[in-house]
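Here is how names work: the chains are called A, B, and so on, in the same order as the sequence lines, proteins then strands, and each is numbered from 1.
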Amino acid sequence: MASITKLSRHQARMGYFFITPTLLLFVIFTVIPVIMAFYLSFTNYDIVSKNDFVGLDNYKRLVDDNIFWTTLKNVLYYSVLYIPLNIAISLSLAVLFMRKRIGVKLFRTAGYLPTLTSGVAAATVWIWLLNPEFGLVNDILSKFGIAGPSWLAEMPYAMISIVFVTLWQSVGANMVIYLAGLNGVPEHLYESAKLDGANGWQSFRYITWPALRPTTFFVSTMAIIGALQLFDQAFVLTKGGPANSTKTTVYHIYTQGFGQLQMGYADAMAFALSLIILVFSLVNMKLNKEEDAMI
Amino acid sequence: MVMVVPFVWSLITSIRPDEEIFLLPIQWLPSSVTMDHYRKAFETVPFGLYFWNSFYLAFMGVLFNLLLGSLSGYAFAKLHFPGRDTLFKILLAALMIPGVVTLIPQFFVLKHMPFLGGNDWSGAGGNGLLNSFWAIILPGASGSFAVFFMRQFFVSLPSDLQEVSRIEGSGEFRIYWNIYIPLAKPALATLGIFTFQAGWNSFLGPLIMLNDPAKKTIQLGLAAFAYNKQVDFGPLMAGALIAVVPILILFLLLQKYFVQGIAFTGTKG
């Protein structure tokens, strides 16, 4: 008995020892910053001289900040386009590539290729492809008799371009996740559905879609978190223009915090944004649960 | 097609002579092949230096995450100690905190590291760890994702090996290092790729923490290149392709693990 407690005490000591570096880094770079962000959002901290407590001033200012609301509208508009399209395209691709045909492996790799690139590199390549005069996109459109717009500089098209580029970059990764999910759907369900005379769409609607609910939940949650924090592509593709129509909230936080050195105010906005992300994630969770109950 | 054409097109642009880039109507194939744009990309910006900086940061990220992530992941999966599950849950919850919340205070914390970068004991006076590569390496050194990923893997391994070695009198560290780490090679390879990719592609962190021109990363260099609307697209495309190559090579080498790893956790990095 004595040796067992000695052993478990040794084990516990080693356990703490093993996680110490991680916990230390976690406290310094996550726990303390989160607490601090909360405090700083009530101050006028500007790195250089000021660090006074200003109460709710930052939050009051946020309510009157037109650009903040514009950026929120922009990221919401972006999310409304991006998230459903992302799910629809990556799921269709996964279903398409699930059937074992020659060359599927090649297609999967090709589909994954854009995911490997950084937001910056992808945006750079697309700046060239979307160039109104010499870009490939408008050249191809002109072959069909369509005069393409100046994609990145005109009002509705700039945001649509960003949606397109980020979709291009992310559907490959989500396709692989959906493929993994599809592998887990038992084959016999499809066979018995076929015997019952179900067509392709019906077996998708009543077998594939419900079986993939956890995967869809995961993909949509990650998409919400990512979409509301959009930065890299907007920064490189459009610099937030034209007329702030593609400026995102993180972009605004970045310019206020690190351009104007209004760190306190930027932190208040960061908190407001995370609250919004949290709300959307919860709604997403709720929606998924309710649909579960319906079936 | 839609997936691959952008790469092909940027490749073609990067090797065709300057006067053909802005020729209308657009021609598919270049009349001659030139490496001028690659040379120019390296001449106008110190691309070689940026490349090396990015590589160093991504490599250090991999090293720290594999070591610390596997150590903690192992402890959370295979060792018993009071408070283990609570601590793990807290770590996991942190995955949900958006990066922009911690961004500004992290800047504050790094700037006010005591005794470093000219700071006194109270963290005042100097720049702390800002403008040092540590400002990027340390905050990302043992991410919740790495711990979570390694824990999931170690949980799936049997505990018998541990029991047997304990009876034979091996210490916990020896068991972790000599028995479990060799078994974890596929998981380590997957985590390594994820971490390398994240480090190589990261943009906002280096943009804020590294102001020293000599410490810029390849993504920063590329973005600075693209700002200027009057850019030469030839060198720009050459730069974009160079920025993709290391990840592409890594992916092709370890493709098997990569797809397996995603299937295994159902997550992306």
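- Using a 4.5 Å cut-off between heavy atoms, B:K78 touches chain A through its backbone atoms (N, CA, C, O) alone.
- Across A:A12, A:A121, A:S118, A:S41, the residue that shares the most heavy-atom pairs under 4.5 angstrom with chain B is A:S118.
- Looking at B:Y74, the atoms closer than 4.5 Å to chain A (heavy atoms on both sides) all sit in the side chain, from C-beta outward.
- Most heavy-atom pairs under 4.5 Å with chain B: of the set A:V250, A:T20, A:T22, this distinction falls to A:T22.
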Applying side-chain contact (heavy atoms from CB on, under 4.5 Å), run through A:F26 and B:I90 and close with a yes or a no. CA-CA 10 Å; A:F26 181 67; B:I90 294 172; 3.9 Å; yes
A:W168 and B:F7: ring pair (Phe, Tyr, Trp, His ring centres under 6.0 Å), yes or no, with the steps? CA-CA 12 Å; A:W168 174 78; B:F7 292 105; 5.6 Å; yes
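- For chain B, the nearby part of A:I277 is the side chain; its heavy atoms alone come within less than 4.5 Å.
- Judged by distance alone, with hydrogens and angles left aside, the side-chain atoms of A:Y254 form no donor-acceptor pair with the main-chain N or O of B:L204 at under 3.5 Å.
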If you apply the rule side-chain contact (heavy atoms from CB on, under 4.5 Å), what do you find for A:I28 with B:L138, and how did you get there? CA-CA 10 Å; A:I28 296 175; B:L138 284 179; over 6 Å; no
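- Interface summary for chain B: among A:L228, A:N131, A:L113, the most heavy-atom pairs under 4.5 angstrom belong to A:L113.
- With a 4.5 angstrom heavy-atom cutoff, A:Y45 touches chain B only via side-chain atoms.
- Within the 4.5 angstrom heavy-atom criterion, atoms from both the backbone and the side chain of B:V100 approach chain A.
- Between the side chain of A:D232 and the main chain of B:S202, no donor-acceptor pair closer than 3.5 Å is present.
- Residue contact with chain B, scored on non-hydrogen atoms closer than 4.5 Å, involves the backbone and the side chain of A:V125 alike.
- Only the side chain of B:L87 comes within contact range of chain A, judged by heavy atoms closer than 4.5 Å.
- Using a 4.5 Å cut-off between heavy atoms, A:Q11 touches chain B through backbone and side chain atoms alike.
- Using a 4.5 Å cut-off between heavy atoms, B:R166 contacts chain A through its side chain alone, with no backbone atom that close.
- Close placement of the A:F235 and B:F203 rings is indicated, their centers lying within 6.0 Å of each other.
- Residue B:L68 touches chain A through both its backbone and its side chain, counting heavy-atom pairs closer than 4.5 Å.
- When all heavy atoms of A:A270 and B:V101 are compared, the closest pair comes out as O-CG2, 3.8 Å.
- Among all heavy-atom pairs drawn from A:W128 and B:M237, the shortest one is CB-CE, 3.5 Å.
- With a 4.5 angstrom heavy-atom cutoff, B:L91 touches chain A via backbone and side-chain atoms both.
- Between A:F18 and B:F76, the ring centre distance reaches or exceeds 6.0 Å.
- Within the 4.5 angstrom heavy-atom criterion, only side-chain atoms of B:I208, from C-beta onward, approach chain A.
- For the set A:D267, A:T221, A:T30, the count of heavy-atom pairs under 4.5 angstrom toward chain B peaks at A:D267.
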